[in-house]
*Asks:* 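Pasting in a structure now, in structure tokens, and then I'll have a few things to ask.
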Amino acid sequence: MSSKEEILSRIRQTVGTGYAMPEIILPAGAVEYGDKTAQFAAVSESVGGRAVVAGKGADLNEMIRSLYPAAKTIASNIPEITLATFNPDKTGTPYELDGTELAVVRGEIGVAENGAVWIAQNVKEKALYFIAEYLVILLDAEKIVHNMHEAYRQIRLNDYGFGLFISGPSKTADIEQALVTGAHGAKGVTVILTSAV
Amino acid sequence: MSEEHAKNAARFLANKEQEQWHNETLWQVRGKRDRLAMAIPEWETLREWASGIKMHTLSHLDRYLEQFAANAEANGVKVHWAKDGEEHNEIVYGILKERGVKKLVKSKSMLTEECHLNPFLISKGIDVVESDLGERILQLMDEPPSHIVMPAIHLKREEIGALFEEKLHTEKGNSDPAYLTHAARLHLRQEFLTADASMTGANFGVAATGDVVVCTNEGNADMGTSFAPLHIVSMGMEKLVPDYQSLGVFIRLLARSATGQPVTAYTSHYRKPRKGCEMHLVIVDNGRSRTMEMGDHRRTLKCIRCGACMNTCPVYRRSGGYAYTYFIPGPIGINLGMLRSAKTYAGNLSACSLCCSCNNVCPVKIDLADRIYAWRQSLDRLGKADRIKKGMSKGLKFLFSHPALYRLSLRLAPLLRYMPRFLMYNRLNGWGKGREMPEFANESFTEMWKKGKVKTHTNQRSHE
């Protein structure tokens, strides 16, 4: 008998009473935010990140430049981001992304309760999300949901087979519980909330 | 009950300042957890759901495991099954050997600790690099973690500064946490970029999609898996959840319970191998199916390894992770140790005051203290009961079943006050160790009652 069969048959002998799956419907009074954008921005700040609103007709390139005036190597595969110095999808291996100072990517869904942004992989190498020193995520403000239950009803992975929630910069408190940003991934994350209107 | 934990704790307690810092720091983490939990009115509902989802999944685990494995395979992931730690290690080594892997970069995994994977791979000549900062610090020190979420919580910055000075050639005498963290960032980045393979644990496996979900703050799991062409996931079979809706419940609970954060910086879903790369998944039993046979102790399998029970435990906070003989400390570690080997780890059972605080913070509602109490009832059967306490229990039983003798002894009890200290405070009286014995009253309650000295408040009560 294979280990798989052995394990499964042992489990079958022990499962016993079948417990019913709870029905996941939020009770009345569950947390909801009057202004999801404001809540999202407040939590982003509390986790060491930042969310800024791009006004109607704002020039995103100008905004990014003023947020990161010193960045020299800027990666983006978004055509409108003309201040990008290279298209990360044109590089051969993830190793070539080492040295990226700023990456500009698109997010799909924002979560008001925890400042997380869902990204189903949308660059050739997912390494970009982590190796860039700083990360800018463009997010449609209309795509902010209240909580993770709503977010998980919407998320889909694409053919890359990888996706993630990012909430603020990479961080650690492993030395004496002192919070330090920039453990391995981005040292800073800015979410730019855009509006289609 | 063995005094093993108490003896080990004495070493930790020798440094009063450090003990106080440890206690207060973890209590602050508990405080952060409380503030976040209380900001969510449906928090208790989430805990109920989390417990219910886990019990449901465990009671249909065969079905969910098959579904999960089938989905993972359809996604191009190679699935392996390991009955025990040894088989797990052989599988992992087999994969690495076949591909000529020299350097393996790992993110934190309690399961690989449980299986003693690192020493095994190192003995085979593989360079194993832990990449979580706390884990890396301990690896450089050749020490095990003392907490499952904050592995280096027992260390002071100066000790880490001195370690990095020696191993990473940082500035002499600089123990600033930001400076040391960024030195580790540079050091580990080179390891990520030169590793031949990466390994992660799994916080959750999603049966409906085959996703492996890993939560980190540092992004170390992501750095590891983004470069090396081979990713191996080591996953305990109890980590499954049915679908995304159930996953959402756990993601809301995990970081809030663990560190008092609304969510970890990264919540990564690994479904397929990177293009042109390989992803392997090792599903591990290693005693879990045996635990499922153990009645109420089965509930321990709901654990999502958040560490909240440690942060709140007054005994853990004041004795440190190394006081426990099992590699996972605190209330959950006491239980997991007993399930691993009751005879070997019974010494940890004394590390509990039955205050039940752990029961109340556990996001999946494991009745940890009740489980410990239940284990204590089996100590005699295991041949681990304390002889002195056993003798006392027998004596008390005799006393309680002989009322005349009981009353006489109560009348004589106040005389203990006049007993020389060496007769009262010695090896035989565990209760006299480190504390004063209570003073016996001159008169017992029964005597006072009989003499009408006890005032009743029946009139008052009728107005309440």
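So you know, we letter chains A, B, ... as the sequences are listed, proteins then strands, and number each from 1.
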*Asks:* Can you say whether B:Leu61 sits under 4.5 Å from chain A via the side chain, the backbone, both, or neither, judging by heavy atoms?
*Replies:*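 For B:Leu61, heavy atoms of backbone and side chain both lie under 4.5 Å from chain A.
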*Asks:* Given a strict heavy-atom distance threshold of 4.5 Å, which part of B:Met279 is in contact with chain A: side chain, backbone, both, or neither?
*Replies:*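 Neither part.
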*Asks:* Do A:Glu6 and B:Trp81 have side chains that approach each other closer than 4.5 Å (heavy atoms only, starting at C-beta)?
*Replies:*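 No, every pair of side-chain atoms sits at 4.5 Å or beyond.
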*Asks:* Quick one: what part of B:Arg298 sits under 4.5 Å from any heavy atom of chain A, side chain, backbone, both or neither?
*Replies:*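 The answer is the side chain of B:Arg298.
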*Asks:* Between A:Arg10, A:Lys4, A:Met148, who has the most heavy-atom pairs with chain B when the cutoff is under 4.5 Å?
*Replies:*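 That would be A:Lys4.
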*Asks:* Tell me, side chain or backbone of B:Ile137 under 4.5 Å from chain A's heavy atoms, or both, or neither?
*Replies:*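 For B:Ile137, side-chain heavy atoms alone lie under 4.5 Å from chain A.
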*Asks:* Ring pair (Phe, Tyr, Trp, His ring centres under 6.0 Å): which pairs involve residues 34-87 of chain A, sequence neighbours left out?
*Replies:*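 Applying ring pair (Phe, Tyr, Trp, His ring centres under 6.0 Å) to every pair that reaches into residues 34-87 of chain A, excluding sequence neighbours, yields A:Tyr68-A:Tyr134.
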*Asks:* With respect to chain A, which residue among B:Pro273, B:Ala152, B:Pro177 yields the maximal number of heavy-atom pairs within a distance under 4.5 Å?
*Replies:*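 Most heavy-atom pairs under 4.5 Å with chain A: B:Pro177.
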*Asks:* Please check: side-chain N/O of A:Ser170 versus main-chain N/O of B:Glu218, any donor-acceptor pairing under 3.5 Å?
*Replies:*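 A pair under 3.5 Å: yes.
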*Asks:* Working to the nearest 0.5 angstrom, can you tell me the gap between B:Ile160 CD1 and A:Ile175 CD1?
*Replies:*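 With rounding to 0.5 Å, CD1 (B:Ile160) is 4.5 Å from CD1 (A:Ile175).
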*Asks:* Assess whether side-chain contact (heavy atoms from CB on, under 4.5 Å) is satisfied between A:Thr181 and B:Thr181, documenting all intermediate values.
*Replies:* CA-CA 9 Å; A:Thr181 54; B:Thr181 299; over 6 Å; no
*Asks:* To the closest 0.5 Å, what do you measure between OG1 (B:Thr267) and CG (A:Leu164)?
*Replies:*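 So the gap between those two atoms works out to 7.5 Å.
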*Asks:* Can you name the nearest heavy-atom pair linking A:Tyr19 to B:His56, along with the distance?
*Replies:*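 Distance-wise, the nearest heavy atoms are O-ND1, 2.7 Å.
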*Asks:* Taking every non-hydrogen pair under 4.5 Å, which of A:Leu26, A:Val189, A:Thr93, A:Ile24 racks up the most with chain B?
*Replies:*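 Among A:Leu26, A:Val189, A:Thr93, A:Ile24, the one with the most close pairs to chain B is A:Ile24.
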*Asks:* Supply the atom-to-atom distance A:Ser3 OG to B:His88 NE2, rounded to the nearest 0.5 angstrom.
*Replies:*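 The OG atom of A:Ser3 sits 13.0 Å away from the NE2 atom of B:His88.
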*Asks:* Quick check on B:Trp43 against chain A: is it the side chain, the backbone, both or neither that has a heavy atom closer than 4.5 Å?
*Replies:*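 No part of B:Trp43 comes within 4.5 Å of chain A.
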*Asks:* I would like to know whether A:Leu157 and B:Asp211 meet side-chain contact (heavy atoms from CB on, under 4.5 Å); could you show each step before the answer?
*Replies:* CA-CA 10 Å; A:Leu157 289 185; B:Asp211 292 16; 3.7 Å; yes
*Asks:* Any idea which heavy atoms bring A:Pro169 and B:Ala265 closest together, and the distance?
*Replies:*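 Scanning both residues, the minimum pair turns out to be O-CB, 3.6 Å.
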*Asks:* Any non-hydrogen side-chain atom of B:Ile40 less than 4.5 Å from a side-chain atom of A:Asn147?
*Replies:*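 SC-SC contact between B:Ile40 and A:Asn147 ruled out.
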*Asks:* Counting only heavy atoms closer than 4.5 Å, note whether A:Ala20 contacts chain B via side chain, backbone, both or neither.
*Replies:*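 Contact with chain B involves the backbone of A:Ala20 alone.
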*Asks:* Salt bridge check: are B:Lys156 and A:Glu176 linked by an N-O gap of less than 4.0 Å?
*Replies:*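 So B:Lys156 pairs with A:Glu176 through a salt bridge.
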*Asks:* I'd like to know if B:Glu66 pairs up with A:Arg12 as an ion pair, taking the criterion as any Lys NZ or Arg NE/NH1/NH2 lying under 4.0 Å from an Asp or Glu carboxylate oxygen.
*Replies:*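 So B:Glu66 pairs with A:Arg12 through a salt bridge.
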*Asks:* Do any N or O atoms from the side chain of A:His184 and from the backbone of B:Ser131 form a donor-acceptor pair under 3.5 angstrom?
*Replies:*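 Yes, A:His184 side chain to B:Ser131 backbone: donor-acceptor pair under 3.5 Å.
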*Asks:* Under 4.5 Å from any heavy atom of chain A, what part of B:Leu36 do you find: side chain, backbone, both or neither?
*Replies:*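 When you check distances to chain A, no heavy atom of B:Leu36 falls under 4.5 Å.
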*Asks:* Could you measure the distance from the CH2 atom of B:Trp49 to the CD atom of A:Glu23? Nearest 0.5 Å is fine.
*Replies:*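 Result: 9.5 Å between the selected atoms.
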*Asks:* Would you give the length of the straight line joining atom OG of A:Ser167 to atom CG of B:Asn217, rounded to the nearest 0.5 angstrom?
*Replies:*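 Going from OG on A:Ser167 over to CG on B:Asn217, the span is 9.0 Å.
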*Asks:* A:Asp159 and salt bridge (charged side-chain N to carboxylate O under 4.0 Å, His left out): which partner among B:Arg271, B:Lys272, B:Arg274?
*Replies:*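 Only one option passes, and that is B:Lys272.
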*Asks:* May I ask you to name which of B:Pro151, B:Ala178, B:Ala255 has the most heavy-atom pairs under 4.5 Å with chain A?
*Replies:*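 Highest number of heavy-atom pairs under 4.5 Å: B:Ala178.
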*Asks:* Charged N to carboxylate O under 4.0 angstrom, A:Glu113 versus B:Arg256?
*Replies:*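 Looking at B:Arg256 together with A:Glu113, the answer is yes, because their closest N to O distance falls below 4.0 Å.
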*Asks:* Mind ranking A:Ala178, A:Gly48, A:Gly163 by heavy-atom pairs under 4.5 Å with chain B and telling me who comes out on top?
*Replies:*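 Looking at each option in turn, the highest pair count goes to A:Gly163.
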*Asks:* Tell me, side chain or backbone of A:Val180 under 4.5 Å from chain B's heavy atoms, or both, or neither?
*Replies:*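 For A:Val180, the contact with chain B is made by the side chain alone.
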*Asks:* I'd like to know which of B:Asn220, B:Val79, B:Asp62 tops the heavy-atom pair count under 4.5 Å against chain A.
*Replies:*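 Looking at each option in turn, the highest pair count goes to B:Asp62.
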*Asks:* Answer with yes or no after comparing the ring centroid distance for A:Tyr152 and B:His269 against a 6.0 Å cut-off, counting only values under it.
*Replies:*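 Between A:Tyr152 and B:His269, the centre distance is under 6.0 Å.
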*Asks:* Please state whether the side chain, the backbone, both or neither of B:Glu87 comes within less than 4.5 Å of a heavy atom of chain A.
*Replies:*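 For B:Glu87, side-chain heavy atoms alone lie under 4.5 Å from chain A.
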*Asks:* Could you check if a side-chain atom of A:Met21 sits within less than 4.5 angstrom of a side-chain atom of B:Ser246, using non-hydrogen atoms only?
*Replies:*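 Yes. Closest side-chain heavy atoms under 4.5 Å.
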*Asks:* How long is the straight-line distance from OG of A:Ser2 back to NZ of B:Lys83, given to the nearest 0.5 Å?
*Replies:*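 Between atom NZ of B:Lys83 and atom OG of A:Ser2 there are 8.5 Å.
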*Asks:* Using non-hydrogen atoms and a 4.5 Å limit, figure out which bit of B:Thr259 sits close to chain A: side chain, backbone, both or neither.
*Replies:*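 For B:Thr259, neither part sits under 4.5 Å from chain A.
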*Asks:* Determine, stepwise, if the pair B:Ser226 / A:Glu125 fulfils side-chain contact (heavy atoms from CB on, under 4.5 Å).
*Replies:* CA-CA 7 Å; B:Ser226 290; A:Glu125 292 292 345; over 6 Å; no
*Asks:* Looking at B:Arg189 and A:Ile131, what are the two nearest heavy atoms and their distance?
*Replies:*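 Distance-wise, the nearest heavy atoms are NH1-O, 3.3 Å.
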*Asks:* So, A:Gln177 versus B:Thr25: side-chain donor-acceptor pair below 3.5 Å or not?
*Replies:*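 B:Thr25 and A:Gln177 do not have a side-chain donor-acceptor pair below 3.5 Å.
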*Asks:* So that I can tick it off, tell me whether B:Arg136 and A:Asp174 are bridged by a salt bridge, with the cut-off set at under 4.0 angstrom between side-chain N and carboxylate O.
*Replies:*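 Answer for the salt bridge query: no.
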*Asks:* When you compare the side chain of A:Ile7 with that of B:Ser289, does any pair of heavy atoms fall below 4.5 Å?
*Replies:*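 Result no, sub-4.5 Å side-chain heavy-atom pair not found.
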*Asks:* Under 4.5 Å heavy-atom distance to chain B, tell me which part of A:Ile155 shows up: side chain, backbone, both or neither.
*Replies:*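 Both backbone and side chain.
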*Asks:* Between A:Pro22 and B:Ile53, is any pair of side-chain heavy atoms under 4.5 Å apart?
*Replies:*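 SC-SC contact between A:Pro22 and B:Ile53 confirmed.
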*Asks:* Given A:His149, which partner from the list B:Gln245, B:Arg252, B:Glu42 fulfils the side-chain hydrogen bond (donor to acceptor under 3.5 Å, both in side chains) test?
*Replies:*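 Of B:Gln245, B:Arg252, B:Glu42, side-chain hydrogen bond (donor to acceptor under 3.5 Å, both in side chains) with A:His149 is met by B:Arg252 alone.
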*Asks:* Examine whether an atom of B:Ala221 lies under 4.5 Å from a heavy atom of chain A, and if so say whether it belongs to the side chain, the backbone or both; otherwise answer neither.
*Replies:*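 Contact with chain A is absent: no heavy atom of B:Ala221 under 4.5 Å.
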*Asks:* Could you tell me which non-hydrogen atom of A:Phe130 sits nearest to which non-hydrogen atom of B:Met223, and how far apart they are?
*Replies:*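 Of all heavy-atom pairs spanning A:Phe130 and B:Met223, the closest is CB-SD, 3.7 Å.
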*Asks:* Could you tell me if the ring centre of B:Tyr266 sits under 6.0 Å from that of A:Tyr129?
*Replies:*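 Centroid separation for B:Tyr266 and A:Tyr129: 6.0 Å or greater.
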*Asks:* Under 3.5 Å, is there a donor-acceptor pair between the B:Ser268 and A:Lys126 side chains?
*Replies:*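 A:Lys126 and B:Ser268 do not have a side-chain donor-acceptor pair below 3.5 Å.
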*Asks:* Let me see the working for B:Leu193 and A:Tyr95 under side-chain contact (heavy atoms from CB on, under 4.5 Å), right down to the final yes or no.
*Replies:* CA-CA 7 Å; B:Leu193 295 175; A:Tyr95 301 97; 3.9 Å; yes
*Asks:* Going by heavy atoms in the side chains, are A:Leu8 and B:Leu65 under 4.5 Å from each other?
*Replies:*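 They are in side-chain contact.
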*Asks:* Taking the side chain as everything from C-beta on, heavy atoms only, tell me whether A:Asp98 gets closer than 4.5 Å to B:Phe227.
*Replies:*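 No, too far: nothing below the 4.5 Å cut-off.
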